[in-house]
Participant: 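One structure coming up, written as structure tokens, with questions to follow.
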Amino acid sequence: MKIKAPRGTIDFLPGRIELWQYIQEVSREVFSRYGYAEINTPIFEYTELFLRGIGDTTDVVSKQMYTFTVKDDKSYTLRPEGTASVVRSYLEHGLGAAPQPVKLFYIGPIFRHERPQKGRYRQFHQLGAEAIGSQDPALDAEMIVMSMEILQKLGLGNFLVNINSIGCPVCRPTYRQALRDHISPSLAKVCPTCQERFEKNPLRILDCKIAACKEVADGAPKSIDYLCPECQTHYAQVCEYLDAFKITYRQNDLLVRGLDYYTKTVYEVESLDLGAQSALSGGGRYDGLVAELGGPATPAVGFASGMERILLVLEEQGIKSPHSTAVDVFVISLGDAVRTQALVITQQLRQAGLKVETDYLGRSMKSQMKQADRLGAKYVLILGEDELAKGVVQVRDMQDSAQTEVPLSQVVDRLSQNAQQPAKA
Ligand code: AMP
């Protein structure tokens with residue numbers, strides 16, 4: 001039996017990977033313009049980090065983590081999100097002593113044991129940013145703007161920004177209680193998971209997708225009506241900035257997000273072109289996480305976007321990477337006697353900066369030409385025994401099929417000048 005890739009994972013092959021790389025390229029460019037520097041943390045951490053950071057009542061921690069032990073008997077977990085690792089690293093390397101806020105971004109794999117479906121995988125990738133060390137609502141707005149700018153630069157437009165504030169440890173307990181009071185009479189109607197959530201995490205009942213739970217959530221008290229003055233001012237300021245930036249958003253009272261560490265602002269960008277798994281980006285403020293992980297009280301805000309979902313929408317919209325995969329030159333060699341010289345020219349052209357391919361299967365002239373055509377070669381260089389004896393090569397311009405004889409000693413210079421010109425009209 002052939003071995004397949006594990007369920008819920010994807011192989012990105014050439015033909016698709018170009019768009020994947022383009023998503024990263026655009027993100028890196030946007031992040032860097034907003035002053036975020038890249039950080040790369042391990043894909044596995046001590047399990048405790050996520051237990052403490054994300055919260056053990058969340059689905060991500062209680063049901064979806066890939067946790068394992070190895071010979072040292074310590075418990076490790078493949079990261080189920082990016083923020084806890086970035087904060088761990090911030091603390092471990094004393095970044096609190098650097099000028100604040102510390103602005104970091106990451107791109108990499110995330111692991112969650114979920115039931116796979118279109119847009120939902122067990123290994124997926126996130127690109128995300130964190131700004132640690134400031135409570136300025138301008139940073140909340142910056143996260144939203146930045147995640148939208150990435151999507152827009154990639155060519156997407158049909159999405160919706162949902163935003164809410166879920167308060168802080170001062171005001172949330174009152175809200176939680178109000179929510180419990182609302183749900184309590186209908187508790188028997190909600191799904192078993194939401195019944196479990198009722199005591200420890202009643203906010204999550206608001207975003208449960210099950211119809212009965214939605215019905216109970218309908219008419220529930222709204223977190224924005226319970227905000228303390230500080231959270232109120234903060235939220236109003238975030239909205240003011242978004243208005244000033246002319247961002248269209250929707251106040252979504254049911255938006256609470258899945259992880260425990262969020263405080264104040266939460267947001268999600270939803271694609272209107274994807275079906276069930278429509279969330280492209282999500283984030284918010286997490287003013288308690290740094291302290292939860294053993295650091296001093298430090299406000300922070302961040303977001304993460306799912307790269308596979310972005311890729312899916314791009315593909316559905318027919319958006320392609322603008323980078324051509326075509327080769328500049330294809331070197332055809334005819335016969336063993338010229339092979340070494342053909343390889344030397346291939347090598348020299350590559351070192352001169354051109355994208356160059358040649359034949360490795362001893363194909364006939366005709367099928368080498370076909371291969372050159374398939375690869376989109378701008379120029380084909382033909383080297384046979386006659387040419388080698390005369391110290392020349394044939395250079396064929398694939399656009400107009402014009403063929404010229406060029407001295408071997410000049411071919412690298414000539415082609416590196418020509419191939420970098422835009423193709424002739
Ligand atoms: P979260 O922090 O869980 O909201 O994740 C942030 C983003 O990652 C989401 O908006 C999705 O785009 C993406 N995402 C989350 N879970 C998955 C998954 N299982 N498969 C693919 N993408 C995901």
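Atoms within a ligand are numbered from 1 in the order they appear, just like the ligands themselves. Basis for what follows: all heavy atoms, side chains included, without hydrogens, waters or symmetry-related copies.
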Participant: Less than 4.0 Å is my threshold; does some heavy atom of His125 fall inside it relative to ligand 1?
Facilitator: no
Participant: Before giving the answer on side-chain hydrogen bond (donor to acceptor under 3.5 Å, both in side chains), spell out for Glu25 and His323 the whole-Å C-alpha distance, their side-chain angles and the decisive distance to 0.1 Å.
Facilitator: CA-CA 11 Å; Glu25 180 191 318; His323 302 306; 2.7 Å; yes
Participant: Kindly indicate, with the supporting measurements, whether the criterion side-chain contact (heavy atoms from CB on, under 4.5 Å) is fulfilled by Phe50 and Arg79.
Facilitator: CA-CA 8 Å; Phe50 304 116; Arg79 64 177 177 205; 3.7 Å; yes
Participant: Please classify the Val269 to ligand 1 contact at 4.0 Å (heavy-atom distances, strictly less than): side chain, backbone, both or neither.
Facilitator: neither
Participant: If you have a sec, work out which protein heavy atom is nearest atom 6 (C) of ligand 1 and how many Å separate them, to one decimal?
Facilitator: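 Going atom by atom, the protein heavy atom closest to atom 6 (C) of ligand 1 ends up being Gln126 NE2, 3.2 Å.
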Participant: Near Ala304, which atoms of ligand 1 are under 4.0 Å from a heavy atom of that residue?
Facilitator: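 Near Ala304, meaning under 4.0 Å from one of its heavy atoms, ligand 1 has 6 (C), 7 (C).
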Participant: Among all the protein's non-hydrogen atoms, which is closest to atom 12 (O) of ligand 1, and how far away is it?
Facilitator: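 Its nearest protein heavy-atom neighbour is Ala279 O, 2.8 Å.
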Participant: Do the side chains of Glu29 and Glu149 get nearer than 4.5 Å, heavy atoms only?
Facilitator: no
Participant: Could you walk me through whether Leu104 and Val102 satisfy the side-chain contact (heavy atoms from CB on, under 4.5 Å) test, starting with their C-alpha distance in whole Å, then the side-chain angles of each, then the deciding distance to 0.1 Å, before giving a yes or no?
Facilitator: CA-CA 6 Å; Leu104 300 165; Val102 171; 3.8 Å; yes
Participant: Out of all atoms in ligand 1, which are within 4.0 Å of some heavy atom of Gly119? Include the element for each.
Facilitator: 20 (N), 21 (C), 22 (N)
Participant: Looking at Glu315, I want to see if its CD is surrounded by more than 12 non-hydrogen atoms of other residues, nucleotides or ligands under 6.0 Å.
Facilitator: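 Yes, enclosed.
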Participant: Under 4.0 Å, heavy atoms only, figure out whether ligand 1 is touched by the backbone of Arg257, its side chain, both or neither.
Facilitator: side chain
Participant: Salt bridge or not for Glu308 and Lys118, using N-O below 4.0 Å?
Facilitator: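 Salt bridge absent between Glu308 and Lys118.
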Participant: For Gln100, is the CD atom crowded, meaning more than 12 foreign heavy atoms sit under 6.0 Å from it?
Facilitator: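 Yes, the 6.0 Å shell around CD holds more than 12 heavy atoms from other groups.
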Participant: Which is it for Arg112 and ligand 1 at heavy atoms under 4.0 Å: side chain, backbone, both or neither?
Facilitator: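 Answer for Arg112: side chain.
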Participant: Here's a test for you: under side chain to side chain contact (heavy atoms under 4.5 Å, CB included), which of Asn164, Leu254, Val216 qualifies with Leu206?
Facilitator: Leu254
Participant: Taking 4.0 angstrom as the limit and counting only heavy atoms of Ser281, give me the atoms of ligand 1 inside it, by number and element.
Facilitator: 10 (O)
Participant: Report yes or no: does Glu308 have a heavy atom closer than 4.0 Å to ligand 1?
Facilitator: no
Participant: Please write down residue, atom name and distance for the protein heavy atom closest to atom 20 (N) of ligand 1.
Facilitator: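 That would be Tyr121 N, 2.9 Å.
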Participant: Indicate the ring-plane relationship of Phe105 and Phe31, choosing parallel, tilted or perpendicular according to the 30° and 60° boundaries.
Facilitator: parallel
Participant: Tell me which protein heavy atom sits closest to atom 19 (N) of ligand 1, plus the residue, atom name and distance to 0.1 Å.
Facilitator: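 Closest protein heavy atom to atom 19 (N) of ligand 1: Glu114 OE2, 2.6 Å.
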Participant: May I ask whether Arg309 places a heavy atom under 4.0 Å from ligand 1?
Facilitator: yes
Participant: For the residue pair Tyr76 and Phe44, categorise the inter-ring angle as parallel (less than 30°), tilted (30 to 60°) or perpendicular (more than 60°).
Facilitator: perpendicular
Participant: To check your reading of the model: name the closest protein heavy atom to atom 22 (N) of ligand 1, its residue, and the distance in Å.
Facilitator: Phe124 CD1, 3.4 Å
Participant: With respect to Gly306, determine whether any N or O atom, backbone or side chain, lies less than 3.5 Å from an N or O atom of ligand 1.
Facilitator: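 Looking only at distances, the answer is yes, because the N/O contact criterion of under 3.5 Å is met.
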